[in-house]
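Working notes, structure below.
Just so you know, these numbers use all the heavy atoms, side chains as well, and skip hydrogens, waters and symmetry mates. Lettering of chains follows the sequences in order, A, B, ..., and the numbering in each one begins at 1.
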There are 2 protein chains.
Amino acid sequence: MTEPADPPIFALLTEIGIIEHLARNRAERALPEGLRLSHFVVLNHLVRLGDGRSLARIARAVQVERPAMTNTIQKLEARGLVRGAPDPRDGRGKLVFLTEAGRAMRARAVATMESAIAPVPHGLSAPEIEALLAPLRRLRSALDRARDADPDLQP
Amino acid sequence: MTEPADPPIFALLTEIGIIEHLARNRAERALPEGLRLSHFVVLNHLVRLGDGRSLARIARAVQVERPAMTNTIQKLEARGLVRGAPDPRDGRGKLVFLTEAGRAMRARAVATMESAIAPVPHGLSAPEIEALLAPLRRLRSALDRARDADPDLQP
DNA sequence: CCTCTAATGTTCGATGTCGAACTTTATTAT
DNA sequence: ATAATAAAGTTCGACATCGAACATTAGAGG
């Protein structure tokens with residue numbers, strides 16, 4: 001009468017959930033005062049992929065609903081880290097631009113996060129990490145595709 | 001003037017964060033009405049590892065702060081899925097027991113979650129998943145140990 | 001040209017989580 | 001014993017996220 005073991009994919013997702021939680025906590029503590037991880041993610045996204053993007057586009061890229069992104073952008077604007085401007089080509093759109101302060105803050109955040117995460121002896125060699133990345137990317141793509149696919153599934 | 005690439009461990013944690021988010025959304029939709037993923041996690045924990053555990057102990061195991069667990073347990077009690085009793089051996093403690101309804105609900109939730117996750121073509125073979133699990137468990141242990149270790153770090 | 005549908009950004013209400021603080025009880029040190 | 005320290009569970013206030021709903025604007029079809 002023992003419990004049947006979880007399917008392997010369950011065990012994997014459980015492990016991933018725990019790691020995510022631990023890493024999130026750790027990263028959040030490392031951030032400059034008042035900066036949430038979700039705020040940093042947006043700054044980082046804009047620095048790396050380019051700013052002048054619409055709110056909805058950023059929301060999709062960062063896997064967050066639009067209302068949450070509205071909130072995040074408002075906080076970033078209030079702190080002067082980002083500047084919103086109406087899209088000249090789309091009357092509904094709002095484009096988000098980085099300010100100098102925003103770029104500087106992102107650089108500081110990256111630095112503090114690196115010094116918070118890097119020294120953790122994670123026990124994984126660089127090649128091991130590389131080896132992990134490929135299958136995990138496949139898993140992400142699969143989940144991502146399934147997301148659009150199944151609003152209502154079943155034949 | 002290109003951005004220096006992220007350290008590999010960053011890329012890994014980012015990927016993990018995205019997967020966690022996608023999997024969480026998917027799992028949450030699959031759960032029986034009104035049952036949160038955090039609720040299910042507690043039920044599942046008690047079924048698998050045994051009930052009659054204290055609130056604080058469950059909180060630690062599930063990586064959640066005690067106030068959140070108080071909230072979760074109160075919701076589960078209100079739905080009759082769990083029953084709380086004072087610890088006879090520790091006047092502060094509160095032990096959490098599963099009810100029959102709780103076990104049944106957990107079984108239903110497992111079933112619906114399996115039928116929601118299993119059909120996703122995640123593109124990973126069983127041996128591949130196994131190969132992923134070992135290094136990820138090491139990473140988790142490392143982060144877990146670092147959590148206690150560093151309240152304030154520095155030599 | 002006009003209507004219908006879809007997308008954008010926002011507000012609202014509900015909910016979950018966290019950190020801080022408090023009360024009560026254990027445990028440890030003196 | 002007694003005092004100091006720590007742990008358990010709870011409450012509180014702050015905050016982020018979500019889903020639903022709304023006004024506005026684009027775009028597609030007739």
Side-chain angles (χ1 to χ4, degrees), chain A residues 17-18 20-22 24-31 33-42 52-79 82-97 147-148 151, chain B residues 17-18 20-22 24-31 33-42 52-79 82-97 147-148 151:
Chain A
I18 296 174
E20 191 274 343
H21 199 273
L22 291 168
R24 162 179 299 272
N25 276 354
R26 197 173 185 80
E28 196 105 28
R29 283 177 214 287
L31 287 174
E33 192 53 39
L35 201 66
R36 296 276 154 187
L37 190 55
S38 52
H39 300 173
F40 168 75
V41 167
V42 171
R53 292 164 130 79
S54 81
L55 189 150
R57 195 171 163 203
I58 303 173
R60 277 190 298 269
V62 215
Q63 307 281 3
V64 142
E65 296 304 319
R66 290 198 307 288
M69 188 53 64
T70 294
N71 184 17
T72 297
I73 298 295
Q74 284 172 348
K75 295 296 165 59
L76 289 174
E77 279 182 311
R79 295 186 65 171
V82 119
R83 189 174 45 81
D87 187 336
R89 287 207 231 52
D90 186 334
R92 306 163 296 177
K94 173 183 184 176
L95 303 183
V96 182
F97 295 90
R147 184 164 57 103
D148 308 327
Chain B
I18 297 174
E20 190 274 344
H21 199 271
L22 291 168
R24 161 178 300 271
N25 277 354
R26 198 174 183 81
E28 196 105 28
R29 283 177 213 286
L31 287 175
E33 193 54 38
L35 200 66
R36 296 278 153 184
L37 189 56
S38 52
H39 299 172
F40 167 76
V41 167
V42 170
R53 293 167 130 79
S54 80
L55 189 152
R57 195 171 163 203
I58 304 172
R60 277 190 299 268
V62 202
Q63 308 281 2
V64 146
E65 296 304 318
R66 292 199 308 286
M69 188 53 64
T70 293
N71 184 15
T72 297
I73 298 295
Q74 284 173 350
K75 296 296 165 58
L76 289 173
E77 278 182 311
R79 296 186 63 171
V82 118
R83 188 173 46 79
D87 187 335
R89 285 206 232 54
D90 186 334
R92 306 163 296 177
K94 173 183 185 176
L95 303 182
V96 183
F97 294 90
R147 183 165 57 104
D148 307 326

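Proximity note for Arg92(A) (side chain, C-beta onward) versus dA26(D), dC18(D), dT24(C): the nearest is dA26(D). Across dT25(D), dA20(C), dT11(C), the shortest atom-to-atom separation from the side chain of Thr70(A) is found for dT11(C). Nearest to the side chain of His39(A), among dA20(D), dA16(D), dA7(D), sits dA16(D). In the set dC18(D), dG19(C), dT15(C), dT15(C) carries the atom at the smallest distance from any side-chain atom of Arg36(B). Among the nucleotides dT11(C), dG9(D), dT17(D), the one closest to the side chain of Ala68(A) is dT17(D).
A sub-4.0 Å separation between OP1 or OP2 of dA8(D) and a side-chain N or O of Arg89(B) is absent. Residue Arg29(B) places at least one side-chain N or O closer than 4.0 Å to OP1 or OP2 of dG19(D). For the OP1/OP2 pair of dC15(D) and a distance below 4.0 Å, the side-chain nitrogens and oxygens of Thr72(A) include no atom meeting the criterion. Between dC15(D) and Lys75(A), no contact under 4.0 Å exists linking OP1 or OP2 to a side-chain N or O.
In this structure, CG of Asn71(B) is placed 9 Å from C1' of dT17(C), rounded to the nearest angstrom. Residue Glu28(B) contributes atom CD, which lies 15 Å from atom P of dT17(D) at whole-angstrom precision. Atom CD of Glu33(A) and atom P of dC15(D) are 11 Å apart (whole Å). One interatomic measurement links the two molecules: CG of Leu95(A) to C1' of dT8(C), which rounds to 12 Å at whole-angstrom precision. Nucleotide dT24(C) holds its P atom 17 Å from the NZ atom of Lys94(B), rounded to whole Å. Atom CG in Leu35(B) sits roughly 14 Å away from atom P in dT15(C) (whole-Å rounding). Atom-to-atom, CZ of Arg24(B) to P of dG19(D) comes out at 13 Å; the value is rounded to the nearest Å. Residue Leu31(B) contributes atom CG, which lies 15 Å from atom C1' of dT15(C) at whole-angstrom precision.
Gln74(B) comes within 4.0 angstrom of the backbone, heavy atoms only, and of no base. Asp87(A) comes within 4.0 angstrom of nothing in the nucleic acid, heavy atoms only.
For the atom pair CG of Leu37(B) and CZ of Arg29(B), the computed distance is 12.5 Å after rounding to the nearest 0.5 Å. With values rounded to the nearest 0.5 angstrom, His39(B) atom NE2 is found 9.0 Å from Ile73(B) atom CD1. The CG atom of Asn71(A) sits 6.5 Å away from atom CD of Gln74(A), with the distance rounded to the nearest 0.5 Å. The CZ atom of Arg60(A) lies 6.0 Å from the OG atom of Ser54(A); values are rounded to the nearest 0.5 Å. To the nearest 0.5 Å, atoms CG (Leu95(B)) and CZ (Arg57(B)) are separated by 10.0 Å. Going from atom CG of Leu22(A) over to atom CD of Gln63(B) covers 4.5 Å, rounded to the nearest 0.5 Å.
Sequence order on DNA chain C of the closest nucleotides to Asn25(A) and Gly93(A) puts Gly93(A) first from the 5' end.
Sorted by first then second residue, the salt bridge (Lys or Arg N to Asp or Glu O under 4.0 Å) pairs that include residues 64-78 of chain B, not counting sequence neighbours, are Glu77(B)-Lys94(B).
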Does the pair Thr72(B) and Arg36(B) meet the rule for a side chain to side chain contact (heavy atoms under 4.5 Å, CB included), with working shown?
CA-CA 9 Å; Thr72(B) 297; Arg36(B) 296 278 153 184; over 6 Å; no
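For the segment residues 54-66 of chain B, residues with any heavy atom less than 4.0 angstrom from an atom of DNA chain C are, sorted by number, Val64(B), Glu65(B).
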